[in-house]
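What follows is a set of notes on a single structure, which appears directly below.
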Amino acid sequence: MKNYLDKLFEKASLKLEYLKNRKAIFNVPNQKENGDISTNIAMILSKELKKNPRQIAEEIIANLETDSSFIDKTEIAGPGFINFFFKPDFTSNIIKEVLNEKDSFGKSDKYKNIKAMVEFVSANPTGPLTVGHGRNAVVGDTIANMLEWIGYNVDREYYFNNAGRQMRMLGESTKLRYLQLLGQNIDFPEDYYQGEYIKDIAAKLKEEYGDKLVNEPGDGIFKDVSEKEIFADIEKTMNRLNIKFDNYFNENSLYEDGRIKSLLNTFQERKVSYEKEGAVWLKLTDMGQEQDKVIVKSTGEPTYRLPDIAYHITKFERGYDLMVDLFGSDHNATYPDVKAGLRSLGYDDEKVKVVIHQFVTITEKGEIVKMSTRKANFITLDELIDEVGPDVVRYFFNMRGVTSHLNFDIALAKKHSDENPVFYLQYAHARISSILKMTDEQKLNLSTENLNLLVAPEEQDILKKLHAFREEVLYAGENFETHRIANYLEELAALFHKFYAQCRIIGSDKKLAEARIALIVAVQIAIRNGLKILGVTAPEKM
RNA sequence: GCGCCAGUAGCUCAAUUGGAUAGAGCAACAGCCUUCUAAGCUGUAGGUUAAUGGUUCGAGUCCAUUCUGGCGUACCA
């Protein structure tokens, strides 16, 4: 519907100067009396034209070549809204489109063949993924899905660091546990990694090597094996959520191939860095930041900013036109530095989009569980999947805006899992499969011959909703908002359940029945496609 | 102190980016299965959108100030 109106307005802009280079925004009014679609363009224009909005609206309508077989009525309402009422025939046309496009219904090619990368999770291999990582993982993967649906060519990447202080601590932690297993009475310091998984890794090492490793440094085999084991674990967890990365990028490779060094040189040559008190500083104040930041400590060790900038440069060099980074809110102070650094070298940092998601609060029995990987009093993502299943996990993380804190009550999620909205959607999908089985037995076949019979309000509401799907996916993708898809699907499923309660297929006149079959098949396709984007399964039976 | 995010029904969250009468789901109450899946549907109740002021035809949305919560604010990542 919006597409059709877009074209009408485009044509009208040839005649009305002020419509040029201005895209009318259409939306679906809350109240049905205000039409199927409405635009506020006349009111927006009234400011700059200094004319009465209703007058402008009249002028616009007069210049729209509306097809009376599509549009029933156009009216001006309120302060200057233009409301469009569509004919049922036009509305029901969407079914043919859906049936035709099937699995691709909802896709668009606005960003066709543009290279995009979504970088997410990017947790260092120091322990199992937490619920917080889960939100990052699910949202990141879903954003990647959405981008694919609107045309992008998407790569999923995981950036990690297997060097540095954290990893040394990991190796030391494993070594201490190993020595303990060998009977040595050693204190385990509080600031070491406390998790059980460290003991498991230590036990494996003991089993394989006996006491041969007592003189090995923590930084050697202990670190390497720990890293390998933990990474294997992380991948396993990601697999359970059906998340696969195209590439794992090791921060260390930036040192090995000399990128860090040459970046430092470039900064110096361009005079955007300087030395002070034995450290190298980046002149971020020139880039509009509040203060300059250290990129190489006086010890000679770079801070995270340097490799982060170098890493992002590789993204540009690899030809990505859109780079989405997904971080938890604890990183919200770091990315402006990285973007400013890129900018200082002439890269278009507008192409780097940073999505910050707020924390996940876990409550259990009403109490908030504070989480820290090191202290190991966290609930792992794996445990969460064990409790509620991958579909619920994916849906739960996707159903809320990333700017909101997510409250995940474990007990509640278990207790009310039957009433979780994800089941509501899946139920609609399964219900349709079930109906189709029955109608098949009744020798009723899908037909698009008499779609004009679909005039019941329940049917028209569904049809109008279907019209909005493609646009919804586009909007959600452009804004990296996964919850839009979830909201849309809940609304569509609700409309279907209402239809189900009100309109019967078996027992209706054959022509109507067969048109209704076309309708529900279309609904099923839309739900399935939406769930696919969210990474949730669409069961045939429940 | 400063920066980012949030504050909407008893609870968890939406609200097409400034639009028309702020919507769902839980929880509560009252109904609907001899008929395509009751994991469903229908109805009732629930709100000064944290507070105050401002911007305009129009504010939950934008601006200012204040209050509350989360995360930051390193030569940690």
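Below, all heavy atoms of this structure are taken into account, side chains as well, without hydrogens, waters or symmetry copies. Small disclaimer: the values here were computed from a predicted structure and weren't measured. Chain identifiers are assigned alphabetically (A, B, ...) following the order of the sequence lines, protein sequences preceding nucleic acid strands; residue numbering begins at 1 within each chain.
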Identified pairing partner of [N], criterion: Watson-Crick or G-U wobble below 3.5 Å:
N	value
A45(B)	none
U73(B)	G1(B)
C57(B)	G19(B)
U65(B)	A51(B)
A14(B)	none

What interatomic distance, in whole Å, is found between [atom1] of [M] and the corresponding atom of [N]?
N	M	atom1	answer
A20(B)	C63(B)	C1'	24 Å
C26(B)	A39(B)	C1'	14 Å
C62(B)	U49(B)	P	16 Å
U16(B)	G60(B)	C1'	15 Å
U65(B)	G58(B)	C1'	24 Å
G23(B)	A77(B)	C1'	41 Å
G53(B)	A59(B)	C1'	14 Å
C13(B)	A9(B)	C1'	11 Å

Describe the nucleic acid contact of [X] in one word from base, sugar-phosphate, nothing, applying a heavy-atom distance below 4.0 Å.
X	value
Lys541(A)	base
Glu301(A)	nothing
Glu471(A)	nothing
Asn487(A)	sugar-phosphate
Ile295(A)	nothing
Asp308(A)	nothing
Thr439(A)	nothing
Asn407(A)	sugar-phosphate
Ala468(A)	nothing

Would one find a side-chain N or O of Tyr424(A) under 4.0 angstrom from OP1 or OP2 of C41(B)?
yes
Quick one: is Ser329(A) getting a side-chain N or O under 4.0 Å of the C71(B) phosphate, OP1 or OP2?
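No, no such contact exists.
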What's the closest nucleotide to the side chain of [X] if the choices are [options]?
X	options	answer
Ala279(A)	A20(B), C75(B), G40(B)	C75(B)
Gln358(A)	U37(B), C13(B), C5(B)	C5(B)
Met43(A)	G40(B), A77(B), C57(B)	C57(B)
Pro79(A)	G72(B), G19(B), C76(B)	G19(B)
Ala430(A)	G72(B), U37(B), A20(B)	U37(B)
His483(A)	A77(B), U37(B), A15(B)	A15(B)
His497(A)	G19(B), A77(B), G40(B)	G40(B)
Arg484(A)	G19(B), C36(B), U16(B)	U16(B)

Presence of donor-acceptor pair under 3.5 Å, side chain of [X] and base of [N]:
X	N	answer
Asn40(A)	G19(B)	yes
Asn83(A)	A20(B)	yes
Ser298(A)	C75(B)	yes
Ser38(A)	A20(B)	yes
Gln502(A)	C41(B)	no

Taking atom types as modelled, is there a side-chain donor on [X] or [Y] under 3.5 Å from an acceptor on the other?
X	Y	value
Thr142(A)	Arg394(A)	yes
Ser433(A)	Gln524(A)	yes
Asn407(A)	Thr361(A)	no
Glu59(A)	Tyr18(A)	yes
His331(A)	Thr334(A)	no
Tyr111(A)	Glu478(A)	yes

I need the [atom1]-[atom2] distance between [X] and [N], as an integer number of Å.
X	N	atom1	atom2	answer
His405(A)	G7(B)	NE2	P	9 Å
Lys2(A)	U16(B)	NZ	C1'	6 Å
Gln289(A)	C4(B)	CD	P	12 Å
Asn332(A)	C71(B)	CG	P	11 Å
Tyr193(A)	A77(B)	OH	P	12 Å
Asp36(A)	U16(B)	CG	P	20 Å
Arg400(A)	A6(B)	CZ	C1'	14 Å
Phe84(A)	A20(B)	CZ	P	18 Å

Stacking check Phe359(A) vs G70(B) (5.5 Å / 30 deg):
no
Are the side chain of Asp36(A) and the backbone of Phe86(A) linked by a donor-acceptor contact shorter than 3.5 Å?
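Yes; at least one donor-acceptor contact below 3.5 Å.
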Among Tyr311(A), Tyr248(A), Phe249(A), whose ring pair (Phe, Tyr, Trp, His ring centres under 6.0 Å) with Tyr158(A) holds?
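Only one of Tyr311(A), Tyr248(A), Phe249(A) forms a ring pair (Phe, Tyr, Trp, His ring centres under 6.0 Å) with Tyr158(A), namely Tyr248(A).
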Using O4'-C1'-N9-C4 for purines and O4'-C1'-N1-C2 for pyrimidines, with syn meaning within 90° of 0, is C33(B) syn or anti?
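Syn.
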Between Ile435(A) and Asn34(A), who's closer to the 5' end of RNA chain B by nearest nucleotide?
Asn34(A)
Exactly one of Asp325(A), Asp349(A), Asp308(A) should register a salt bridge (Lys or Arg N to Asp or Glu O under 4.0 Å) with Lys315(A). Which one does?
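The option that passes is Asp325(A).
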Between the side chains of Asp337(A) and Lys293(A), is the shortest nitrogen-to-carboxylate-oxygen separation below 4.0 Å, so that they form an ion pair?
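Asp337(A) and Lys293(A): salt-bridged.
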